[in-house]
Amino acid sequence: MALFTEADMKEYMPDLHNYGIQDFSDMIAKTDEDIYRLLRIDWWPKLPQARGWDTFDTTKLKDSELKRSAVYYCLYKYVLPQLTQWAVEGDSFQTQIVFYKTAFEEEFSVATRQLHYDFNDDGLYSSDEQEIQPAQRLVR
């Protein structure tokens, strides 16, 4: 299941279909892969490994907590670059790319500090399965 849908994207960019792109399924799939890769690289290694698990499983994540991050990522990484003319003086799409990239970085940072992961694989997300990571802690 995808982290988000076209309908979710339209919440943030209501005129999404006005620019000629009608099918976003490939972009959504690439975004899911990229978000999971970022989690595997940046989030998973920072968790305390005392629970006896060592394999990152994307199906154990509470995907709804990553929806906003994924929408921002898809817009700045895949959708808006196809719409811009890449003029030297810039255009509104280049400005939006910068905005959504910054929004993604801020939202992803917050989301990964309080992300739920179903460690015991019972299908429920309890408060002890939420790894809250302090932002100012150095993890070695």
Side-chain angles (χ1 to χ4, degrees):
M1 188 165 118
L3 293 171
F4 65 102
T5 64
E6 277 186 45
D8 296 323
M9 290 172 61
K10 285 190 71 121
E11 287 182 36
Y12 294 92
M13 193 173 178
D15 58 348
L16 187 63
H17 288 99
N18 295 352
Y19 301 105
I21 302 172
Q22 298 302 316
D23 183 22
F24 296 91
S25 56
D26 287 344
M27 295 177 203
I28 291 172
K30 287 178 186 178
T31 298
D32 285 355
E33 292 172 13
D34 290 351
I35 294 289
Y36 291 142
R37 187 179 72 223
L38 288 171
L39 289 171
R40 192 176 300 107
I41 293 168
D42 294 334
W43 176 74
W44 184 255
K46 294 177 184 175
L47 297 179
Q49 299 295 317
R51 294 180 189 239
W53 34 260
D54 57 354
T55 306
F56 177 69
D57 182 357
T58 60
T59 63
K60 294 183 178 187
L61 288 166
K62 189 171 184 181
D63 288 342
S64 62
E65 295 174 335
L66 296 167
K67 182 190 309 187
R68 189 177 311 148
S69 298
V71 169
Y72 291 157
Y73 186 89
C74 187
L75 288 172
Y76 103 77
K77 189 79 170 189
Y78 296 113
V79 176
L80 293 168
Q82 290 188 22
L83 301 176
T84 185
Q85 297 297 314
W86 298 108
V88 175
E89 64 276 356
D91 61 17
S92 67
F93 296 117
Q94 289 175 336
T95 304
Q96 290 177 60
I97 289 170
V98 172
F99 170 80
Y100 283 115
K101 181 178 183 187
T102 303
F104 164 74
E105 291 167 351
E106 291 171 359
E107 178 62 27
F108 192 70
S109 174
V110 170
T112 55
R113 281 187 271 158
Q114 59 181 13
L115 192 59
H116 283 86
Y117 186 86
D118 189 13
F119 291 105
N120 60 10
D121 204 18
D122 65 356
L124 303 172
Y125 299 100
S126 59
S127 60
D128 66 329
E129 292 178 320
Q130 184 180 30
E131 293 292 331
I132 298 178
Q133 296 180 1
Q136 302 300 320
R137 180 181 292 170
L138 176 63
V139 179
R140 294 179 192 237

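Small disclaimer: the values here were computed from a predicted structure and weren't measured.
- For the residue pair Leu75 and Pro81, the shortest heavy atom distance occurs at O-CD, 3.9 Å.
- For the atom pair CZ of Arg40 and CD of Glu33, the computed distance is 10.0 Å after rounding to the nearest 0.5 Å.
- Leu39 and Pro45 get closest at one heavy-atom pair: O-CD, 4.3 Å.
- Using a 4.5 Å heavy-atom threshold, the side chains of Tyr78 and Asp26 count as separate.
- Here the two rings, on Tyr72 and Tyr12, have centers that are under 6.0 Å apart.
- Leu16 CG to Glu11 CD: the interatomic distance, rounded to the nearest 0.5 Å, is 12.0 Å.
- Below 30°, between 30° and 60°, or above 60°: for Phe56 and Trp43 the angle between ring planes is above 60°, a perpendicular geometry.
- The shortest side-chain heavy-atom distance between His116 and Glu65 falls under the 4.5 Å cut-off.
- Inter-residue side-chain proximity for Phe104 and Ile35 is flagged as met; some heavy-atom pair is nearer than 4.5 Å.
- The shortest heavy-atom contact between Leu80 and Tyr100 is CD1-CD1, 3.5 Å.
- Other residues, nucleotides and ligands contribute more than 12 heavy atoms inside 6.0 Å of the NZ atom of Lys62.
- In this structure, the side chains of Met13 and Val71 stay at 4.5 Å or more apart for every pair of heavy atoms.
- For the pair Met27/Ile21, a side-chain contact is recorded, criterion being any heavy-atom separation below 4.5 Å from C-beta on.
- Side-chain contact between Val110 and Glu106 is absent, with no heavy-atom pair separated by less than 4.5 Å.
- Within the 4.5 Å cutoff, the side chain of Tyr76 has no heavy atoms near those of the Thr102 side chain.
- Put simply, CG on Leu115 and CG on Asp63 are 9.0 Å apart, with the number rounded to the nearest 0.5 Å.
- Using cut-offs of 30° and 60° on the angle between ring planes, the pair Tyr19 and Phe93 is perpendicular.
- Under the 6.0 Å cut-off for aromatic ring centres, Phe108 and Tyr73 do not qualify, their centroids lying 6.0 Å or more apart.
- Linking Ile, Leu, Val, Met, Phe, Trp and Tyr whenever their side-chain heavy atoms come within less than 4.5 Å leaves Ile41 and Leu3 in two separate clusters.
- The heavy-atom pair separating Gln85 from Asp91 by the smallest distance is N-OD2, 3.0 Å.
- The closest side-chain heavy-atom distance from Thr112 to Leu38 is not below 4.5 Å.
- Counting all heavy atoms, side chain and backbone alike, Leu61 lies closest to Tyr36 at CD1-CE2, 3.7 Å.
- Gln22 and His17 get closest at one heavy-atom pair: NE2-O, 3.0 Å.
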Report task. Could you check Thr84 against Gln96 for side-chain contact (heavy atoms from CB on, under 4.5 Å), going step by step and ending with a plain yes or no? Result -> CA-CA 10 Å; Thr84 185; Gln96 290 177 60; over 6 Å; no

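- Remark: the Asp8 side chain and the Thr5 side chain contain an N/O donor-acceptor pair separated by less than 3.5 Å.
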